[in-house]
A.B. asks: 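Quick one: structure below, then a few questions.
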Number of protein chains: 2
Amino acid sequence: MIKFRNQEYACTTEITLGLISGKWKILILSYLSHKTCRFNELQKLMPETTQKMLTLQLRELEKDGLIIRKVYAVAPPKVEYMLSELGQRLIPLLTQLCKFGSDYVDSFPLDDSVPSDQHV
Amino acid sequence: MIKFRNQEYACTTEITLGLISGKWKILILSYLSHKTCRFNELQKLMPETTQKMLTLQLRELEKDGLIIRKVYAVAPPKVEYMLSELGQRLIPLLTQLCKFGSDYVDSFPLDDSVPSDQHV
DNA sequence: CGGAATCCAACACGATACTG
DNA sequence: CAGTATCGTGTTGGATTCCG
């Protein structure tokens with residue numbers, strides 16, 4: 001049993017999962033792995049997100065040390081987000097998770113939208 | 001955008017995360033990676049779990065093809081759980097997630113909520 | 001032994017409106 | 001431009017009880 005930030009974990013795997021388990025975190029990290037982005041830019045890249053959710057996810061990623069928030073003291077406001085060194089180290093792992101998911105989907109080729117015999 | 005099982009995903013990473021994002025799934029997979037276990041055994045290994053939750057998580061893992069449920073037609077009932085080939089392929093990934101989490105915890109040694117008497 | 005069924009609390013997520 | 005604030009909802013996890 002591991003204690004971290006007033007939370008208890010049975011395994012540090014759960015800590016890593018906690019870092020990336022948020023509705024938009026994977027996407028954010030993915031986009032930021034390519035380039036630094038402004039808030040507005042991220043919004044355009046993820047049109048499905050609400051401002052509130054995007055802000056929330058960015059704040060959590062920042063608090064967890066995976067991204068860096070850079071505020072420029074100009075008008076109109078300018079804020080840039082980029083991966084931290086920690087965040088960059090996470091990217092290869094995400095790539096592997098992505099690869100597994102992709103293989104996984106391929107291993108269930110007939111499962112897409114065919115509820116033929118769900119009555120098990 | 002990927003469609004899979006009537007769900008939409010922005011990235012297959014999210015599919016993999018969905019497979020292992022359940023309160024007890026990591027632990028279950030971890031235990032089953034060492035040996036085949038009966039329901040009762042898993043319960044003893046995870047005393048914090050309720051029967052309902054353990055059953056639910058096992059059912060999901062089975063439905064997702066990560067574990068195999070083997071029912072013996074005997075009295076009293078005997079049910080064994082083991083990793084599928086797909087589940088086995090997931091283990092190295094979990095190990096890496098675990099490693100990252102462990103490194104992550106070490107990189108925040110001054111975190112306010114970590115008790116100082118932790119000599120890890 | 002290995003469940004299923006029911007009820008309930010917490011929280012993640014979302015829609016919408018407002019702001020320095 | 002880059003956010004807050006408020007309110008509402010769906011999903012997840014948990015406690016408890018009953019069953020073949």
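Chain identifiers are assigned alphabetically (A, B, ...) following the order of the sequence lines, protein sequences preceding nucleic acid strands; residue numbering begins at 1 within each chain.
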A.B. asks: With a cut-off of less than 4.0 Å, is there a side-chain N or O of Arg38(B) near OP1 or OP2 of dG2(C)?
C.D. replies: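 It does, given that an N or O in the side chain of Arg38(B) lies less than 4.0 Å from OP1 or OP2 of dG2(C).
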A.B. asks: Can you find a side chain N or O atom of Tyr81(A) that sits less than 4.0 Å from OP1 or OP2 on dC1(D)?
C.D. replies: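 Result: no.
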A.B. asks: Starting from P on dG20(D), measure out to OH on Tyr72(B) and report it in whole angstrom.
C.D. replies: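 After rounding, the gap between these two atoms is 25 Å.
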A.B. asks: Can you tell me how far C1' of dG2(C) sits from NZ of Lys70(B), to the nearest Å?
C.D. replies: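 In whole Å, dG2(C) C1' lies 18 Å from Lys70(B) NZ.
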A.B. asks: Reading DNA chain D from 5' onward, which residue's closest nucleotide shows up sooner: Gln57(B) or Gln51(B)?
C.D. replies: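 Its nucleotide being nearer the 5' end, the pick is Gln57(B).
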A.B. asks: Which label fits Phe4(B) and Tyr104(A): parallel for a plane angle under 30°, tilted from 30 to 60°, or perpendicular past 60°?
C.D. replies: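 Geometry flag for Tyr104(A) against Phe4(B): perpendicular rings.
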A.B. asks: Provide, to the nearest angstrom, the distance between the CG atom belonging to Leu54(B) and the P atom belonging to dG14(D).
C.D. replies: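 Taking CG of Leu54(B) and P of dG14(D), I get 12 Å after rounding.
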A.B. asks: Check the distance between dG3(D)'s C1' and Asn40(A)'s CG and give it to me in whole angstrom.
C.D. replies: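 It works out to 11 Å between those atoms.
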A.B. asks: Gln43(A) CD to dG14(C) P: how many Å, rounded?
C.D. replies: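 Rounded to whole Å, this separation is 14 Å.
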A.B. asks: For the side chain of Lys52(B), counting heavy atoms from C-beta on, which of dA5(D), dA15(D), dC1(D) is nearest?
C.D. replies: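 So the side chain of Lys52(B) is nearest to dA15(D).
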A.B. asks: Name the closest nucleotide to the Met53(B) side chain, picking from dG14(D), dC1(D), dC13(C).
C.D. replies: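 The answer is dG14(D).
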A.B. asks: Determine, for Glu41(B) against Lys35(B), whether the closest basic-nitrogen to carboxylate-oxygen distance falls under 4.0 angstrom.
C.D. replies: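 The answer is yes: the pair qualifies as a salt bridge.
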A.B. asks: Glu62(A) CD to dG3(D) P: how many Å, rounded?
C.D. replies: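 So the CD-P distance, Glu62(A) to dG3(D), works out to 9 Å.
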A.B. asks: Using the side-chain heavy atoms of Pro77(B), tell me which of these nucleotides is nearest: dG20(D), dT16(C), dG3(D).
C.D. replies: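 In terms of side-chain proximity for Pro77(B), the closest of dG20(D), dT16(C), dG3(D) is dG20(D).
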A.B. asks: Judged by atom type as modelled, is there a donor-acceptor pair below 3.5 Å linking the side chain of Thr95(B) to the main-chain atoms of Ile91(B)?
C.D. replies: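 Yes, the answer is positive, given that a donor and an acceptor are paired below the 3.5 Å cut-off.
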A.B. asks: Are OP1 or OP2 of dG14(D) and a side-chain N or O of Lys23(B) less than 4.0 angstrom apart?
C.D. replies: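 Checking Lys23(B) against dG14(D): at least one side-chain N or O falls below 4.0 Å of OP1 or OP2.
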A.B. asks: Salt bridge or not for Arg59(B) and Asp64(B), using N-O below 4.0 Å?
C.D. replies: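 Judged by the 4.0 Å cut-off on N to carboxylate O distance, Arg59(B) and Asp64(B) do not form a salt bridge.
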A.B. asks: Considering just the side-chain nitrogens and oxygens of Trp24(B), establish if one lies under 4.0 Å of OP1 or OP2 belonging to dG14(D).
C.D. replies: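 Yes, within the criterion.
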A.B. asks: Between Ser84(B) (side chain only) and Gly65(B) (backbone N and O only), is there a donor and an acceptor less than 3.5 Å apart?
C.D. replies: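 Present.
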A.B. asks: As a test of reading the structure: which of dC13(C), dG3(C), dG3(D) is closest to the side chain of Arg69(B), going by heavy atoms?
C.D. replies: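 Looking only at heavy atoms from C-beta outward on Arg69(B), the closest nucleotide is dG3(C).
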A.B. asks: Taking only N and O in the side chain of Arg59(A), is any of them less than 4.0 Å away from OP1 or OP2 of dA2(D)?
C.D. replies: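 Answer no for this pair, as no side-chain N or O of Arg59(A) is under 4.0 Å from OP1 or OP2.
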A.B. asks: Report the distance from atom CG of Leu58(A) to atom P of dT4(D), rounded to the nearest whole Å.
C.D. replies: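 After rounding, the gap between these two atoms is 10 Å.
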A.B. asks: Leu42(A) CG to dG3(D) P: how many Å, rounded?
C.D. replies: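 About 10 Å, once rounded to whole Å.
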